[in-house]
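Below: the structure, in structure tokens.
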Amino acid sequence: MATIASQVILHPYVSQSLKFGSFNVGRDKLYRTVQYFSRFLAWFLLSRGNKVEAARWTALKSHLGIGRKLMRLGKPVEHLKAALRAASSTGEVGEQVTSIGRQLAYFGYLTYDTALWANAAKFIALKPSTAEKVTKTSNRFWLAGILFSITHGLLKAGRLAHDAKKLRNSETWGEKDLSDEAQREVRQLALENLRADTRYQFIIDLFDIWIPASNLGLVNVNDGIVGFAGFISSLMGLRAQWLAINNGKKN
């Protein structure tokens with residue numbers, strides 16, 4: 001039994017999981033996944049008439065949402081710093097503008113989200129009408145951030161595709177210098193990785209956009225669709241964060 005316990009506890013996957021959970025971003029990704037799965041499951045149970053079980057998952061969803069707001073305290077400053085870095089960087093103007101817009105939108109979203117957490121925690125007292133306005137403004141910033149991210153992804157994908165095509169056309173068909181060929185292969189691999197990351201984030205944004213759009217009443221979808229979309233995007237974000245923290249190791 002001791003040997004089995006040691007094998008389980010000392011398994012590399014356990015070490016990677018502990019490392020993943022030690023980061024605030026990692027825990028937030030995990031909580032978000034459970035939160036939106038709970039939202040979908042609560043809708044599913046309620047549609048089947050199981051109100052008692054649905055209430056349990058609805059309560060879990062609500063508490064995880066409040067907990068995640070607490071975990072994000074101070075994060076607006078990170079997005080403001082990212083906007084300043086984007087403003088001082090060089091590159092394609094369209095990508096730079098959309099990157100700044102995205103970061104500023106997320107700054108606004110999380111700032112208003114912090115006020116909502118303070119109200120839920122009874123640290124401040126907002127009138128119901130004021131809380132509703134703050135919620136709408138928060139979702140408007142969130143939606144704007146996703147739209148900027150989608151636009152940024154489209155512009156970046158177009159530029160990377162152009163760069164990849166130009167790199168392929170630069171190949172010489174005569175006698176090849178081995179060092180030049182090696183450098184070209186390295187650049188091609190880097191471009192392909194960037195294109196894959198851009199497509200991945202683009203898909204996440206396409207799922208995420210349904211959440212604030214639904215909250216604002218811009219689309220008429222039920223909690224099941226919103227919960228499922230949020231669950232899929234959360235799983236994708238969880239996977240990306242896992243690979244980033246564990247040096248690209250796959251599960």
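As the structure is a prediction and not an experimental result, all values here were calculated from the model.
Nearest heavy-atom pair, Ile124 versus Ala115, reported as atom, atom and distance to 0.1 Å: CD1-O, 3.7 Å. Closest approach of Val226 to Tyr36, counting heavy atoms only: O-CD2, 4.2 Å. The two residues Phe40 and Gly224 have their closest heavy-atom pair at CD1-O, 3.3 Å. Here the closest non-hydrogen pair linking Tyr31 and Leu64 is O-CD1, 3.9 Å. The shortest non-hydrogen separation linking Tyr109 to Phe141 is N-CB, 3.4 Å. Across Asn119 and Ala131, no two heavy atoms sit closer than the pair ND2-CB, 4.2 Å.
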Worked check of side chain to side chain contact (heavy atoms under 4.5 Å, CB included) between Leu80 and Leu104: CA-CA 6 Å; Leu80 191 59; Leu104 290 177; 4.1 Å; yes
Pair Lys165-Arg168, side chain to side chain contact (heavy atoms under 4.5 Å, CB included): steps then yes or no: CA-CA 5 Å; Lys165 182 179 180 180; Arg168 286 194 300 270; 3.8 Å; yes
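In this structure, Ile209 CD1 and Ser149 OG are separated by 9.5 Å, a value rounded to the nearest 0.5 Å. Taking OG of Ser99 as the start and CG of Leu155 as the end, the distance is 11.0 Å to the nearest 0.5 Å. Atom CD1 of Ile211 sits about 6.5 Å away from atom CD1 of Ile146, to the nearest 0.5 Å. The line from CG of Leu167 to CD of Glu192 is 9.5 Å long, rounded to the nearest 0.5 Å. Considering CG of Leu160 and CG of Leu191, their distance stands at 6.0 Å, rounded to 0.5 Å. Lys29 NZ to Arg68 CZ: the interatomic distance, rounded to the nearest 0.5 Å, is 8.5 Å.
At distances below 3.5 Å, at least one donor-acceptor pair connects side-chain atoms of Gln96 with backbone N or O atoms of Ala86. A donor-acceptor pair under 3.5 Å is absent between the side-chain atoms of Asn50 and the main chain of Leu46, judged by distance alone. Judged by distance alone, the side chain of Thr137 and the main-chain N or O of Lys133 form a donor-acceptor pair under 3.5 Å.
Between the side chains of Gln103 and His79, at least one donor-acceptor pair of N or O atoms lies under 3.5 Å. Between the side chains of Gln201 and Asp197, no donor N or O sits under 3.5 Å from an acceptor N or O. Between the side chains of Ser233 and Arg32, at least one donor N or O lies within less than 3.5 Å of an accepting N or O.
Ion pairing between a basic and an acidic side chain is recognised when a charged N comes within 4.0 Å of a carboxylate O; Lys75 and Glu78 show such pairing. Using a 4.0 Å cut-off between a side-chain N of Lys or Arg and a carboxylate O of Asp or Glu, Arg159 and Asp163 qualify as a salt bridge.
In this structure, Phe231 has its ring center under 6.0 Å from that of Phe37.
Annotation: Asn220, atom CG; neighbour count of heavy atoms from other residues, nucleotides and ligands within 6.0 Å does not exceed 12. The environment of NZ in Lys136 is sparse: at most 12 heavy-atom neighbours from other residues, nucleotides or ligands sit within 6.0 Å. Annotation: Trp43, atom CH2; neighbour count of heavy atoms from other residues, nucleotides and ligands within 6.0 Å is above 12. Atom CZ of Arg187 is surrounded by 12 or fewer heavy atoms from other residues, nucleotides or ligands within 6.0 Å.
Between Leu189 and Glu185, every side-chain heavy-atom pair lies at or beyond the 4.5 Å cut-off. Tyr200 places a side-chain heavy atom less than 4.5 Å from the side chain of Arg239.
Cluster membership check: Ile66 does not share its hydrophobic cluster with Leu116, using side-chain heavy-atom separations under 4.5 Å among Ile, Leu, Val, Met, Phe, Trp and Tyr. Hydrophobic clustering keeps Leu70 apart from Val34 (ILVMFWY residues linked when any side-chain heavy atoms are closer than 4.5 Å, directly or through intermediates). Placement of Tyr106 and Met71 within a single hydrophobic cluster is found when ILVMFWY residues are connected by side-chain heavy-atom separations under 4.5 Å, directly or transitively. Trp142 and Val25 fall into different hydrophobic clusters, where Ile, Leu, Val, Met, Phe, Trp and Tyr side chains are chained together by heavy-atom contacts under 4.5 Å. Note: the hydrophobic cluster containing Phe202 does not contain Phe148 (ILVMFWY, side chain heavy atoms under 4.5 Å, direct or indirect links).
For residues 211-237, the pairs satisfying salt bridge (Lys or Arg N to Asp or Glu O under 4.0 Å) are Arg39-Asp223, with sequence neighbours left out.
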